[in-house]
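Okay, structure first, notes after.
Each chain gets a letter, A, B and so on, in the order its sequence line appears, and its residues count up from 1.
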Amino acid sequence: MSAVAGSLPTVDGEAIEAIAQDFFATMVDGEHGVLVPGYGEMAPLVDARFTWVDVHGETVTRVLVAVGRSTGDMLTRALLALPDDAPIGDADFADAAGEVVNVIGGNIKSLVHGGGALSLPQVADAAPDCGGAPLISETWFTWRGAPLTLTLWNLPEHAGSAGRP
Amino acid sequence: MKALVIDDSRVMRRIVSGILNGAGFDTVEAGDGREALDQLEAHPDVVLCCIDWNMPVMTGFEFVVEARKRQEWRDITLMMVTTEGEHDQIVRALAAGAHEYVIKPFTPEIMLDKLELLGLLDPAVQA
């Protein structure tokens, strides 16, 4: 977990870890202990994909999940209850990855001071432009042996994807 | 009994529909609130709507408001199934006419408990 500096919004790193682990245990794996926090140096993401939502409150907090595409495909199969060898198209991948960050981001919203509207999830094969925004927190996990990162960014006011009322 | 599952995520529609099918419901689906209004027109036998909040075109909250304007749909049970778990959001949805609230992530047991609370579980299926 990264240090939080200056006047940046503070978030409870352990609570963020718990939100992610609870989501995976409840809706992906059916048990705790499959998504586990990583320690030390993270293995690089291979063919990385990025999915994010923005929480609009007193500031804009971007919740960003990054995974390798093959890990994302495994996650999609798990969520859609597909066989291990089922091919995963881009639409299914985007739907599954988007829902992962939607649920995690929606729960993180309650931790963010003044958390208000939540944007619809975005999915891309490149990291979104955060405009040099400061990192609020960074956590990495391993899921079925593969790395997955969860980061929060403090975007400038009026930045980010539009939130819904 | 028939239920309408309203969520812009196919993943989440599959999960919710799977739980409802296991509880004896037939299900139809919609990807946003506007499509859900059309589905209610097409399926007048729907008794339960499971509604995500954050969707494109028409949000779940806007759907609840619109559905509650229609006299012929007043007996339909509206259950929010959403990540929007803050107290203010829950109060807002219930005030607009939703009956119950399930916060994602959820287990099948949580959803079945809510259905039982609402009197929507068929004892023959439960047995």
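One hydrophobic cluster holds both B:V16 and B:I110 under the rule that ILVMFWY side chains link at heavy-atom gaps under 4.5 Å. Hydrophobic clustering, with ILVMFWY side chains joined whenever heavy atoms are under 4.5 angstrom apart, keeps A:F50 apart from A:M42. Residues A:L45 and A:V101 are members of separate hydrophobic clusters, defined by side-chain heavy-atom contacts under 4.5 angstrom among Ile, Leu, Val, Met, Phe, Trp and Tyr. The hydrophobic clustering, which links ILVMFWY residues whose side-chain heavy atoms are closer than 4.5 Å, places A:L82 and A:W143 together. Using a 4.5 Å cut-off between side-chain heavy atoms of Ile, Leu, Val, Met, Phe, Trp and Tyr, with links allowed through other members, B:L112 and B:V47 fall into the same hydrophobic cluster.
In terms of modelled atom types and a separation under 3.5 Å, the side chain of A:N107 and the main chain of B:I103 share no donor-acceptor contact.
Residue A:E41 qualifies as open at atom CD: its count of foreign heavy atoms under 6.0 Å is 12 or below. No more than 12 heavy atoms of other residues, nucleotides or ligands lie within 6.0 Å of CZ in B:R34, so this atom counts as exposed by the packing criterion. Remark: A:D90 CG is loosely packed, at most 12 non-hydrogen atoms of other residues, nucleotides or ligands lying under 6.0 Å away.
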Could you walk me through whether A:M27 and B:T107 satisfy the side chain to side chain contact (heavy atoms under 4.5 Å, CB included) test, starting with their C-alpha distance in whole Å, then the side-chain angles of each, then the deciding distance to 0.1 Å, before giving a yes or no? CA-CA 7 Å; A:M27 307 206 76; B:T107 61; over 6 Å; no
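Rounded to the nearest 0.5 angstrom, B:T83 OG1 and A:I19 CD1 are separated by 10.5 Å. Taken to the nearest 0.5 Å, the CG atom of B:N54 stands 8.5 Å off from the NZ atom of A:K109. Taking OG from B:S9 and CG from A:L79, the interatomic distance works out to 8.0 Å, rounded to the nearest 0.5 Å. How far CD of B:E84 is from OG of A:S110: 10.5 Å, rounded to the nearest 0.5 Å.
Of the atoms belonging to B:R10, heavy atoms from both backbone and side chain fall under 4.5 Å from chain A. When heavy atoms are compared at a cutoff of 4.5 Å, B:D8 approaches chain A by way of both its backbone and its side chain. The contact between A:N102 and chain B is made by backbone and side chain atoms together, counting heavy-atom distances below 4.5 Å.
Residues A:V100 and B:V11 have side chains not in contact (no heavy-atom distance under 4.5 Å, counting atoms from C-beta outward).
Chain B forms the most heavy-atom pairs under 4.5 Å with one residue out of A:G98, A:A81, A:A25, A:G30, and that residue is A:A81.
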